[in-house]
Amino acid sequence: MSELYIRVAEDENEEPMEIPSEDDGTILLSSVAAQFPGACGLRYRNPESQCMRGVRLVEGVLHAPENDWGNLVYVVNYPKDNKRKMDEIDAASAVKVKRGFQKTSDLIVLGLPWKTSEQDLKDYFTTFGEVIMVQVKRDLKTGNSKGFGFVRFTEYETQTKVIAQRHMIDGRWCDCKLPNSKAGPDEPMRSRKIFVGRCTEDMTTDELRQYFMQYGEVTDVFIPKPFRAFAFVTFADDQVAQALCGEDLIIKGISVHISNAEPKHNNIHQLFPNFPGGSASLAAMFDRSQYQFPSSHV
């Protein structure tokens, strides 16, 4: 049988490509896969029933239906896993394109060494991409660094790359992340305070203060007595506190959880049902200490 070409397409609505047949009128699957990588077979639409039919495949050889390929357009089959993978790639590409149009945001840089200047910060982050703005937060009276700052990039891809890793700046590991939204103007103290859960009894206020100073200026540390496995830490700036919320940090080899400190006295009895004196006693302790209880206790 003389060589002929079979019309093959990736989809019924796409322009077909001609694939050469073998001398016996069959088509090698490898010939199809050479033009359509990943192909595992062919199918076609039956002119009479309008249903899709599969082409017989035997040991890598495709056989013509009823010994005649005709003028039909044959559609490529792909493994389901391969198709799903292609769909995922397409979806990832769509997300990437979408992100390309997203605007960048100010990122908070936590744990800055006291000596780091704005020029140092700019020189470091410029290695990732174009920098729009850098700022090191300083005390208004002394002019000393508060241990954190802000950076903003031109490209969203650069921002994503920077957030995804830790940064060694002037000999210290620093974290760069999106600040959580601030509390309202009528709640300035709430946004500066964090709840530190899962503390151990050997943790002291001085140790907690020393640990959290790497993220910013600490104004107060409070550990309730009797010990209840949690503490409160207050920062000078609310954005440092909010940026740490939701994090799991390692202190003295123990994983502690950071969350918002919010007044939820009505939930205290649910969280500490066995507290001596009942919920009223616990609530009174929080009132005296001027600390608020978190919305969730971990």
Side-chain angles (χ1 to χ4, degrees), residues 1-107 124-132 151-168 175-178 246 248:
M1 183 182 294
S2 61
E3 181 181 74
L4 55 88
Y5 286 83
I6 311 304
R7 297 195 297 169
V8 179
E10 197 162 30
D11 187 270
E12 284 188 281
N13 299 320
E14 292 186 2
E15 183 178 358
M17 174 183 291
E18 291 187 333
I19 304 292
S21 69
E22 300 302 302
D23 292 339
D24 59 359
T26 60
I27 297 179
L28 299 179
L29 180 59
S30 58
S31 297
V32 178
Q35 304 302 324
F36 301 94
C40 65
L42 294 177
R43 66 185 186 276
Y44 66 99
R45 189 173 297 281
N46 186 322
E48 296 180 2
S49 66
Q50 292 301 306
C51 293
M52 298 300 291
R53 283 188 177 182
V55 174
R56 186 183 300 277
L57 174 65
V58 180
E59 296 182 352
V61 179
L62 292 157
H63 296 266
E66 300 178 359
N67 299 318
D68 185 11
W69 292 103
N71 293 320
L72 300 174
V73 173
Y74 294 85
V75 181
V76 178
N77 287 336
Y78 291 102
K80 288 185 178 180
D81 289 344
N82 186 60
K83 184 178 186 300
R84 182 159 50 247
K85 183 177 180 181
M86 293 299 293
D87 290 341
E88 290 173 356
I89 293 174
D90 291 343
S93 298
V95 170
K96 187 174 181 180
V97 170
K98 181 179 179 182
R99 283 183 173 178
F101 293 97
Q102 289 184 314
K103 294 182 179 180
T104 58
S105 306
D106 290 350
L107 303 180
Y124 173 80
F125 283 113
T126 299
T127 61
F128 292 89
E130 184 177 354
V131 174
I132 298 176
V151 62
R152 186 165 188 167
F153 297 94
T154 303
E155 301 294 333
Y156 187 83
E157 277 191 12
T158 305
Q159 173 177 304
T160 304
K161 185 191 305 181
V162 168
I163 293 176
Q165 64 184 79
R166 300 195 76 194
H167 304 274
M168 178 64 73
D175 294 303
C176 197
K177 59 193 295 184
L178 284 168
D248 290 304

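These figures come from a predicted structure and were not determined experimentally.
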How close do [X] and [Y] get, heavy atom to heavy atom, and via which atoms?
X	Y	answer
Glu18	Tyr5	CB-CB, 3.8 Å
Pro79	Gly38	CD-O, 3.2 Å
Ala39	Leu29	O-CD1, 4.0 Å
Tyr44	Gly54	CE2-O, 4.3 Å
Pro16	Ala9	CA-CB, 3.8 Å

Report task. Begin from the C-alpha positions of Asp106 and Val151 and carry the test side-chain contact (heavy atoms from CB on, under 4.5 Å) through to its verdict. Result -> CA-CA 6 Å; Asp106 290 350; Val151 62; over 6 Å; no

[atom2] on [Y] to [atom1] on [X], rounded to 0.5 Å:
X	Y	atom1	atom2	result
Ile27	Leu57	CD1	CG	11.5 Å
Arg166	Asp175	CZ	CG	4.5 Å
Lys177	Leu107	NZ	CG	11.5 Å
Leu4	Ile19	CG	CD1	12.0 Å
Cys51	Asn46	SG	CG	7.0 Å

Heavy-atom check, side chain of [X] versus side chain of [Y], under 4.5 Å:
X	Y	answer
Leu42	Asn77	no
Lys161	Phe153	no
Val73	Val8	no
His63	Val58	yes
Leu178	Gln159	yes
Pro47	Leu72	yes

Does [X], at its [atom1] atom, have more than 12 non-hydrogen atoms belonging to other residues, nucleotides or ligands within less than 6.0 Å?
X	atom1	answer
Gln50	CD	yes
Asp11	CG	yes
Gln165	CD	yes

Query raised in the report: Just one of Thr154, Thr126, Thr158 clears the side-chain contact (heavy atoms from CB on, under 4.5 Å) bar with Val131, so which one?
Result: Thr126

Under 3.5 Å, is there a donor-acceptor pair between the side chain of [X] and the main chain of [Y]?
X	Y	answer
Trp69	Arg7	no
Arg53	Arg43	no
His167	Phe125	no
Glu10	Phe36	no

